Amino acid sequence: MREMVSRGTTDTIAAIATPVGRGGIGIVRVSGALAESIMRAVMCKTLDARHATFSDFNDGEGVAIDRGLGIFFPAPHSYTGENVFELQAHGGPAVLTRLLKRCLELGARLAQPGEFTERAFLNNKLDLTQAEAVADLIEASSEEAARSAARTLSGEFSRRVFAITQALTELRAHVEACIDFPEEEIDLADRALQREKLEGIRNAHVELVHEARLGAVLRDGLTVALIGRPNVGKSSLLNYLAGDDIAIVTPVAGTTRDHVRATIHIDGLPIHLIDTAGLRETDDLVEKIGISRTWAAIEAAGAVLLIMEAGEMAGRNEAEILGRIPENIPKIWVYNKIDLYEGSQVSRGTLLAGADAQVKVSALTGEGMDELRGWLLRTAGWQPGEGVFLARERHLIALAEAGLHLGEANARLEQFELLAEELRLAQQAMSTITGDFSSDDLLGEIFGKFCIGK
């Protein structure tokens, strides 16, 4: 069992577990050694384990605060692995606050963000990837993301990581057993077996990295900046892709003074669109601030749509814009308003270069939009599939570190001491993913981003 060290406490915690605001039902959750005594004090009775019981919830004077369902989950068969008591009451803020205050009066303290899930991790009810998947499932913005978070929560990602870690352990044992023998006494079959096992581990690792990258893309999505001169149709394009009138559209140049953001989903992948202020020379102070923010958004984006009006020719302004965009950011020329021009006029835009691709679209009719969506998916590296699980940046970093050590191990197959050390470091890097090897600082960072009551 993992030691309860991250928050330095094993006391009883309580929190409102449902969102802030009014609702039909609200839940107050209590976890810890005092949960059972708090249950008896609030409900004036002992509840059968895991059975919902309808009763009054009483204050210290025996007066009912509310009526609802109480459920008691004895340890270790609970979410946190501790005694857990849940009060399901009416979802008014005043009612839930009074119930929480009563639990605190009876010896509980207010839970910190993510502390219930952290205790589930520390008590071996979840590993770290599953604990993170709880937050990802809550925050999922599409059905595909929710399904993938559920796969991670079910332990699919953890099982893949564990399989590689276990294979590394077995190979390490085999290698270390050879260290005490002179090289001439080591059977050639042993060397061949080690080489074969390491190759299998590296292949499994490469496959896992590919799937984890897809999961990270699905979780974080792709941020796309729409840039160009004023009045080329950036806001109209945003509105079409978003399927709503999110940005103000007028024929007046400089209408958009600051970012307008919208998130769309293409094949389940979140695409975060940023409609930026038109880039041009201006003496307007407010517009200058908007343009400055535009460049900051461009530098932070994962892709850029360079938007021009289809019948216009590129000029110095477009060249300057293109020159300031970091080379590593994927970009595409989008020739908008093709509905206004004949084919020969539209084709004038094809003379432009300097981007990865180009597409001709109409934000009025929708022509060319499927091609643009396809480019966005390819740029994000998204390949929808049933086996995708959500992954985080820290998972990719750990996998990359493990990959480096596996590469070094492959180069040290004839040097057993160095080979064993590289295998150990690879195993350690993989173990940080599931939390078998984690620092308190890492746990505090992860669980501190959860909502209170989860």
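Only this structure's heavy atoms are used, side chains among them; waters, hydrogens and symmetry mates stay out. Please read all numbers here as calculations on a predicted model, not as lab measurements.
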query = Would one find more than 12 heavy atoms of other residues, nucleotides or ligands at under 6.0 Å from atom NE2 of His272?
reply = yes
Closest approach of Pro270 to Thr263 (non-hydrogen atoms, all atoms of both residues) = CB-CG2, 4.2 Å
ask   = Do you know which two heavy atoms are closest between Glu82 and Ser31, and how far apart they sit?
value = OE1-OG, 2.6 Å
message = Rounded at 0.5 Å granularity, tell me how far CD1 in Ile271 sits from CG in Leu241.
response = 9.5 Å
Expected output: side-chain Asn58 to main-chain Met43 donor-acceptor under 3.5 Å = no
query = Do Ile433 and Leu128 come close enough that some side-chain heavy atom pair is under 4.5 Å?
reply = no
Side-chain (Asn336) to main-chain (Ile307) donor-acceptor, under 3.5 angstrom = no
note = Nearest heavy-atom contact between Ala89 and Phe57 is CB-CE1, 3.9 Å
query = Is a side-chain donor or acceptor of Thr117 paired with a backbone partner of Gly114 at a separation under 3.5 angstrom?
reply = no
ask   = Would you say the side-chain atoms of Thr434 and Ser158 include a donor-acceptor pair closer than 3.5 Å?
value = no
message = Nearest 0.5 Å, please: how far is CZ in Arg394 from CD in Glu132?
response = 4.0 Å
All N/O donor-acceptor pairs, side-chain side in residues 91-106, below 3.5 Å, sequence neighbours left out:
| from | atom 1 | to | atom 2 | distance (Å) |
| --- | --- | --- | --- | --- |
| Thr97 | OG1 | Pro93 | O | 2.7 |

remark   = Value for CZ (Phe121) from CG (Asp127), rounded to nearest 0.5 Å, stands at 8.0 Å
ask   = Does the side chain of Arg219 reach to within under 4.5 Å of the side chain of His395, using non-hydrogen atoms?
value = no
task = Go through the steps to decide whether Glu207 and Arg160 satisfy the test side-chain contact (heavy atoms from CB on, under 4.5 Å), and finish with yes or no.
result = CA-CA 10 Å; Glu207 185 177 347; Arg160 299 281 297 280; 3.9 Å; yes
ask   = Looking only at heavy atoms, which two atoms of Phe116 and Ala15 are closest? And how far apart?
value = CE1-CB, 3.9 Å
task = Specify the closest pair of heavy atoms between Leu168 and Ala426, including all atoms of both residues, with the distance to one decimal.
result = CD1-C, 4.0 Å
query = Would you say the side chain of Thr18 lies within less than 4.5 Å of the side chain of Ile25, judging by non-hydrogen atoms?
reply = no
request  = I would like to know whether Arg213 and Leu396 meet side-chain contact (heavy atoms from CB on, under 4.5 Å); could you show each step before the answer?
outcome  = CA-CA 7 Å; Arg213 282 175 179 162; Leu396 298 180; 3.9 Å; yes
ask   = Side chains of Thr129 and Val161: does their closest heavy-atom pair fall under 4.5 Å?
value = no
ask   = Are the side chain of Asn123 and the backbone of Thr80 linked by a donor-acceptor contact shorter than 3.5 Å?
value = yes
Closest approach of Thr432 to Ala398 (non-hydrogen atoms, all atoms of both residues) = OG1-CB, 3.5 Å
request  = Supply the atom-to-atom distance Phe85 CZ to Ser78 OG, rounded to the nearest 0.5 angstrom.
outcome  = 14.0 Å
side-chain hydrogen bond (donor to acceptor under 3.5 Å, both in side chains) partners of residues 43-57, not counting sequence neighbours, each pair once = Asp56-Arg67
task = Verify side-chain contact (heavy atoms from CB on, under 4.5 Å) between Met369 and Leu237, making sure each step is shown before the conclusion.
result = CA-CA 9 Å; Met369 290 298 183; Leu237 187 64; 3.0 Å; yes
query = Just checking, any donor-acceptor pair under 3.5 angstrom between side chains of Arg151 and Ser148?
reply = yes
ask   = With no hydrogens and no angle check, is any side-chain donor or acceptor of Thr12 less than 3.5 Å from a backbone partner on Ala33?
value = yes
query = Between Asp11 and Arg119, is there a salt bridge with N-O shorter than 4.0 Å?
reply = yes
Nearest-0.5 Å distance, CD of residue Gln166 to CD1 of residue Ile201 = 10.5 Å
ask   = Do His405 side-chain atoms and Arg424 backbone N/O form a donor-acceptor pair below 3.5 Å?
value = no
message = Quick one, Leu214 and His210 - any side-chain contact, counting heavy atoms below 4.5 Å?
response = yes
message = Are Lys337 and Val361 packed together at the side-chain level, in the sense that at least one heavy-atom pair is separated by less than 4.5 angstrom?
response = no
request  = Find the distance between CG (Leu390) and CG (Leu137) and round it off to the nearest 0.5 Å.
outcome  = 8.5 Å
query = Are side-chain heavy atoms of Thr379 and Ile332 found at a separation under 4.5 Å?
reply = no
inquiry  = I want to check something: taking the side chain as every heavy atom from C-beta on, are Leu306 and Ile227 in contact at a cut-off of under 4.5 Å?
reply    = yes
inquiry  = Any salt bridge linking Asp267 with Arg373? Criterion: basic side-chain nitrogen under 4.0 Å from a carboxylate oxygen.
reply    = no
message = Apply side-chain contact (heavy atoms from CB on, under 4.5 Å) to residues Leu376 and Trp382 and explain how you reach the verdict.
response = CA-CA 9 Å; Leu376 291 170; Trp382 175 234; over 6 Å; no
task = Spell out, as yes or no, whether a donor-acceptor pair under 3.5 Å connects the side chain of Lys360 to the backbone of Glu367.
result = no
